[in-house]
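What's counted below: heavy atoms across the whole structure, side chains too, no hydrogens, waters or symmetry copies. Letters A, B, ... are given to chains in the order of the sequence lines, protein chains preceding strands, and every chain is numbered from 1. Everything quoted here is computed from the prediction, not taken from an experiment.
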Amino acid sequence: MTNANVRVRFAPSPTGYFHLGSARTALYNWLFAQHTGGSFILRIEDTDRTRYHPEALPDLLDSLRWLGWFWDEGPEVGGSYGPYYQSDRAELYRQYADQLIQDGKAYRCYCTPERLAALREEQRRERFKPGYDRRCRYITSAQIAEFEAQGLRSVVRLMTPTEGQTAFEDLLRGRIVVENAELDDLVLLKSDGYPTYHLANVVDDHLMQISHILRGEEWLPSVPKHVLLYDALGWSIPAQVHLPTILDPSGKGKLSKRRQRGPGEAERLTFIHEFRQTGYLPEAMTNFLALVGWAYDAETELFTRDELIRYFDLDDVSKSPAAFSYEKLDHMNAVYIRGLGDNDLANRLLQILRRAGLDADYGRILQFAPLVKERLRTLSDAVDLLDFAFVDGHMPDPDTLVQKAMGVDGTRQALRESAKALYELPSFDEEAIEETLRGLVDASDFKIRDYFGALRVGLTGKRVSPPLFETMAILGRQDTVQRLRRAADALDAAE
RNA sequence: GCCGCAUUCGUCUAGUGGCCUAGGACACCGCCCUCUCAAGGCGGAGAUCGGGGGUUCGAAUCCCCCAUGCGGUACCA
């Protein structure tokens, strides 16, 4: 499908950091726009002044750009359907609310929040259907004049039919019909003059000529009310697509927008900037997130950005909620890291190692890049793996240094003789190092894994490291020999 | 409570009446490779397609009922 008239929007409210669930919605909108050659509009729904979070917007824009999901219209890029902040459109919503009142399709309601709360409480107690009792819908104009004279604050409510049915079509779920009796008179304009989501989103989607609405399925129940609103305004409704929820990895509940911790589990990332900091690649995030709720075929899971755009089709979007698997994300991220060129990987590693406080230089990282590439799940795994290479005065812990099978003396002997042999080696390259060291092992009574284990800990302070000989070659003769000697000295000191 | 949506291996999924004694991936287990850890190779276990009724020569695929899960029921989005 190619249709330049496709206009979709991603419309988050700046109440918190950009998280996984929102990101998936944003991605599907972006992919659909790219696929159809349409436009991807970013609109900021900042009509809730009480929940406004000042860091939310910069976090969102940074994250979207990092992911590479650029918007055609919206904040910082403009467009001919602006403004793109709903707070800048307040007057517009007021006009439409007034118009609806004029037309007898909406009315002012003077009920206080306290009365509404009490009403709800009573309905709950009496097991009645909750909802506004429409008291102000039927008050006289004399009463209205009196309320106005008293200076009472009011909201504007839509007059909802009490009988009949309202139906609409969801591209994924088919025709959905609800009884109008289930709907109540929803608030369009709040007493502070700001619109509710319902009014603002209907007005904006119409004015911005949105062709398809792709949003989370939590919106599904409010669509019938929107249908009524569109009707009241004399407008037609955009195509509806309600995307499945993203579930917690256990598959038991909705993925939290906040940080969360399962019982006895490590803290899980949920904000996009956290994934970025941890060293997930934007291309892996895009690929993985695309697969949470969409599948191309039975086998393919790895897609380039272009393939995603080419293949993405609403027909293949799933209807049922999907659990988010961090393990599978890790796996995919590792696959993407392995596919990176050495220079590319080194550049990305440089930032992450520096941020971890290491005095890392590009040249050395580049040398290590091919060695660590297949050992990383996230870029930040490189910190533990490579920190030894960027500090001088390390002193291995004797407990990890001494190999059980070799004892203190055997370990010390291996360190000393290796240091000596490497010191005297004519050419300090990987092959020569390996040949020499293997010669020493053969001449000794020790096993390869124990002997090299001692050298590994002596050299890096760790039981797990990049391959030994390569690492030595990169560190250089002087550093290597010094580290091994120091390790041997550490054993002397420990006795 | 009421309304809506969903329901295939632990998880993500393929599947739109016969190709399914249900395919792939992650995770898991075993073996191989191996200087550690990875990566890689080979193999394994794992779903009577939520349950029950139909329709049909034939159902994971169509219809009905039930159960369960999720969502909604705000002057939040």
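Side-chain nitrogen and oxygen atoms of A:K190 include at least one within less than 4.0 Å of the OP1 or OP2 phosphate oxygen of B:C76. An OP1 or OP2 oxygen of B:C76 is reached within less than 4.0 angstrom by no side-chain nitrogen or oxygen of A:T15. In terms of phosphate contacts, A:R127 brings no side-chain nitrogen or oxygen within less than 4.0 Å of OP1 or OP2 of B:C2. Between A:R51 and the phosphate of B:A77, there is no side-chain N or O to OP1/OP2 separation shorter than 4.0 Å. When the side-chain nitrogen and oxygen atoms of A:R338 are compared with OP1 and OP2 of B:A38, none of them lie within a distance under 4.0 Å. Dashed line: the shortest gap from a side-chain N or O of A:R175 to OP1 or OP2 of B:C5 is not under 4.0 Å.
A:V155 comes within 4.0 angstrom of a nucleotide base, judged by non-hydrogen atoms across all strands. At a threshold of 4.0 angstrom between heavy atoms, the contacts of A:E470 include nucleobase atoms, whether or not backbone atoms are also involved. Heavy atoms of A:L220 sit under 4.0 angstrom from primed sugar atoms or phosphate atoms, though from no base atom. Using a 4.0 Å heavy-atom criterion, one finds that A:S13 contacts the sugar-phosphate atoms exclusively. At the heavy-atom level, A:R124 lies nowhere under 4.0 Å from the strands shown. Residue-level contact check: A:R377 touches neither bases nor backbone, having no heavy atom under 4.0 Å from any strand. Residue A:R456 is in base contact, counting any heavy-atom pair closer than 4.0 Å across all strands shown. Nucleic acid contact for A:E327: sugar-phosphate only, since backbone atoms but no base atoms lie under 4.0 Å from a heavy atom of the residue. A:S320 comes within 4.0 angstrom of the backbone, heavy atoms only, and of no base. At the heavy-atom level, A:T50 lies nowhere under 4.0 Å from the strands shown. When heavy atoms are screened at a 4.0 angstrom cut-off, A:G293 is found touching the sugar-phosphate backbone but no base atom. Within 4.0 Å of A:F469, counting heavy atoms only, lies at least one base atom of the nucleic acid. If you check every strand for non-hydrogen atoms under 4.0 Å, A:P321 touches sugar and phosphate atoms only. A:C109 comes within 4.0 angstrom of nothing in the nucleic acid, heavy atoms only.
B:A38 atom P lies 16 Å from atom CG of A:L371, rounded to whole Å. Rounded to whole Å, the distance from CD on A:E301 to C1' on B:G23 is 12 Å. Between the P atom of B:C3 and the CD1 atom of A:I176 lies a distance of 15 Å, rounded to the nearest Å. In this structure, CG of A:L186 is placed 12 Å from P of B:A77, rounded to the nearest angstrom.
The partner of B:A67, taking Watson-Crick or G-U wobble pairs whose two distances both stay under 3.5 Å, is B:U7. B:A47 is unpaired under the Watson-Crick or G-U wobble criterion, no partner having all donor-acceptor distances under 3.5 Å. Within the shown strands, B:G1 is the pairing partner of B:U73 under the Watson-Crick or G-U definition, both distances less than 3.5 Å.
A ring-centre distance under 6.0 Å is found for A:W294 and A:F303.
A salt bridge is defined here as a Lys NZ or Arg NE, NH1 or NH2 lying under 4.0 Å from an Asp or Glu carboxylate O, and A:R137 with A:D184 fails to meet this definition.
Not a single donor-acceptor pair, N or O on each side, falls under 3.5 Å between the base of B:C35 and the side chain of A:R449. Residue A:K328 places a side-chain atom within donor-acceptor reach of the base of B:A25, judged by atom type and a 3.5 Å distance cut-off alone.
Taking atom P on both nucleotides, B:A59 is separated from B:G51 by 15 Å, rounded to a whole Å. Between B:G24 and B:C9, the two P atoms lie 16 Å apart (nearest whole Å). For the C1' atom pair drawn from B:A38 and B:C33, the interatomic distance equals 13 Å after rounding to whole Å.
Checked by atom type, the side-chain pair A:Q403/A:T411 shows no donor-acceptor distance below 3.5 Å.
A:Y280 pairs in a ring-ring contact (aromatic ring centres under 6.0 Å, His included) with only one of the listed residues (A:F288, A:F275, A:Y326), which is A:F275.
Place A:R153 and A:A295 on RNA chain B by their nearest nucleotides, and A:A295 ends up nearer the 5' end.
Looking only at side-chain heavy atoms (C-beta outward), A:Q86 and A:P195 stay at 4.5 Å or farther from each other.
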